[in-house]
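Take a look at the structure set out below.
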Amino acid sequence: HAEWIQTDLVRNSRLRYSQQWTLIADSNNHKNIRTVLPPGPCSPLSGELLSELSPTRGLRAVVRETGSQQLLEIWDRHGLRKSLNLSALNIHGRVYDDIRLPVLVRKHTLISSLLYGDVFVSTQDRSVYCEDWGEALTSKSVPVLCVVDLHHGEIDVLQSVPQDVSPGQALWAPCSQAVFFVGWYHEPFRLGLKFCSNRRSALFRLSLDGHCECISGDNLSVSCPRLSPDGSTLIYLQGSVFGPHNQCLSLDLKSGKTSTMLDVVSRPQTGDFAGVYEALPSHCWSADGEKVVFSSAVRNWKDVFMVDRGTKKVSSLSDNLSDLSKVYGSWKLLTVQRDLMVVCCSSPNSPPTLRVGFLPSADETVTWRTLQQPVTTFDYLWTVLDVTPTSDEDNLRYPGLDFGAILVKPSHLLCETGTPVVVFIHGLDLSLAFRRHSASLPLCLHPVNYRGSTGFGQDSILSLIGQVGSQDVKDVQRAVMAALQNDKTLDPKRLAVIGGSHGGFLSCHLIGQYPDFYRACAARNPVINAATLLGTSDIVDWRYTSAGFQFSYDNIPTAETLAAMLLKSPITHAAQIKAPVLLMLGGKDRRVSPHQGLELYKVLKSRGSPVRLLWFPEDGHSLSRVDTQVDCFLNTVLWLTQHL
Ligand SMILES: *[C@@H]1O[C@H](CO)[C@@H](O)[C@H](O)[C@H]1NC(C)=O
Ligand SMILES: *[C@@H]1O[C@H](CO)[C@@H](O)[C@H](O)[C@H]1NC(C)=O
């Protein structure tokens, strides 16, 4: 059962639909898929916020939204068995899934929900400020965990969650008499949670009789607890508090005592596993409880890995090297159940494609089956560049690091000369997945994974601390020079640079520091002046860290810290900018305030430098509303076409 999200431009919304697949295994070898039957029709899912199958008894729990109401439905093989009107019961606030709060059914149903401010704040105190969890989690402040007793239709808010944490990512402990959950600490104040794997948090075990204990270490960041099939072992991801918000994490194992199954990788060897950089899928254990499967970035790729609990040996499960005719750059594990893995693969040529395969034993390789070939593929040639900084651009604390870049080029342009190049710079949450954005444009796209990107080891990530605005800018420039040198069909006179967030920061730096090099720039929610951003960002810790200072909650800005932040900012090069700049800003961005982009807009406009500003009042940092995405895409294409 696969669920998809598709953009519908007519309705201006994202539609969800599901599709059923039937796989038939060999009768004498259950780990061999004999046939894949044609898929069932695509059926729209309407209003399903969350859904989950029970491990036993064939039940399905759905949290459904109808208008502003929320319902909890339990379906069985005979239809709808129970429906609770959560809005009418009014025991908790709206159910949400932003920090991946799962629904599970066993004897009870466990749902996670939010208590709105009005539950706590009496009318006299209605103006008292209520903190929330920042960008994309506005007004989400104190979530609660609830258990629904399906027999009596009663909902209980679990009261023994410690007062100083927000609970989430809950799952049933064996026998259903307790739950495990992650708690994020509130004090002394909340920092933004979205895209941040470095928030102080702990793992808790709460028994339904009211006892709650912390079962992980102090002063750590934990996430993604997953229980082994026999219930004896819990794994979870662990990282440090503060520092870069997307770091290499360790995979820890708790079975009685705690041990590390996979440690942070500081410097991966060429061709080796490079560490864990992303969340675990909700199912990631092999049936025998001996192996764990997950996906993660490794250099310019994303791959699926298996780690053996006994030997701690990690192996790649993709067939990238054995099948060069069909190389997917990005592999994502969606689930593994009874050793059948479901992955989603994509590349600059192929939209997301489902593939299945059984976990291999010993040194076998996986036989992957593609469930359905995509309707369209694109004719791109893409090559990976490995780039080594020159000795004067080497990092003194982390010497000898290299980085990567990808050149994506429409095949029909192969022999033409003078192809324009668009340098695409990612923010600090990279994904090298299929980008429909690039499809069918007569230009090359050149994404750069500068030092500090995930997939190159923790040293690379740490090397960026204190070096933003110089090391990363030089890395991008070095990669562009390398591409121009390697491929003479590229036109060095027609270069543009685009990016969002930190990628927008780098784009604006590049046109300021190399004003005669780039002909156009398009930036989404860029950081322009790190000194003025300090007071408004929901991740103030990264504002200090990126500039090379220690963060502590009680930091007070000094002339020294503010000066350093200013000097690392593109605004200091703004007078040199010649390239026409397209700015796209979200009015509700709490990570990088839209006033950042406005600062650059005013500087450019007052100097008569071409600038166009698109303002999206209802959008946050990701500019992800459907109409906004379309607007940004079309305007970027027009801007590049006009100026290249
Ligand atoms: C749920 O309860 C609310 C509040 O009582 C009510 O307005 C709404 O019509 C109910 N929804 C359904 C589907 O019964
Ligand atoms: C917590 O860890 C961070 C870095 O991971 C460190 O800077 C800080 O001093 C630690 N705090 C305590 C109370 O141990």
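For ligands, and for the atoms within them, numbers begin at 1 and follow the listed sequence. For this chain, numbers begin at 1 and follow the sequence in order.
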Evaluate ring-ring contact (aromatic ring centres under 6.0 Å, His included) for Phe180 paired with Phe204, printing each intermediate quantity in order. CA-CA 6 Å; Phe180 295 111; Phe204 293 87; over 10 Å; no

Donor on one side chain, acceptor on other, Asp631 and Asn635, under 3.5 Å: yes

What I want to check is whether the side chains of His595 and Thr536 have a donor and an acceptor closer together than 3.5 Å. no

List, ordered by chain and residue number, the protein residues whose closest non-hydrogen atom lies under 4.0 Å from any atom of ligand 1. Gln69, Asn85, Ala88

Contacts under 3.5 angstrom, residues 617-624 side chains, donor-acceptor by atom type, not counting sequence neighbours:
unit_1 : atom_1 : unit_2 : atom_2 : d
Glu618 : OE1    : Lys588 : NZ     : 2.8
Asp619 : OD1    : Ser624 : N      : 3.4
Asp619 : OD1    : Arg625 : N      : 3.3
Asp619 : OD2    : Thr628 : OG1    : 2.6
His621 : ND1    : Asp589 : OD1    : 3.3
His621 : ND1    : Asp589 : OD2    : 2.6
His621 : NE2    : Ser501 : OG     : 2.9

Val342 versus Leu354: any side-chain heavy-atom pair under 4.5 Å? yes

If we check salt bridge (charged side-chain N to carboxylate O under 4.0 Å, His left out) with Asp132, which of these qualifies: Arg190, Arg590, Lys194? Arg590

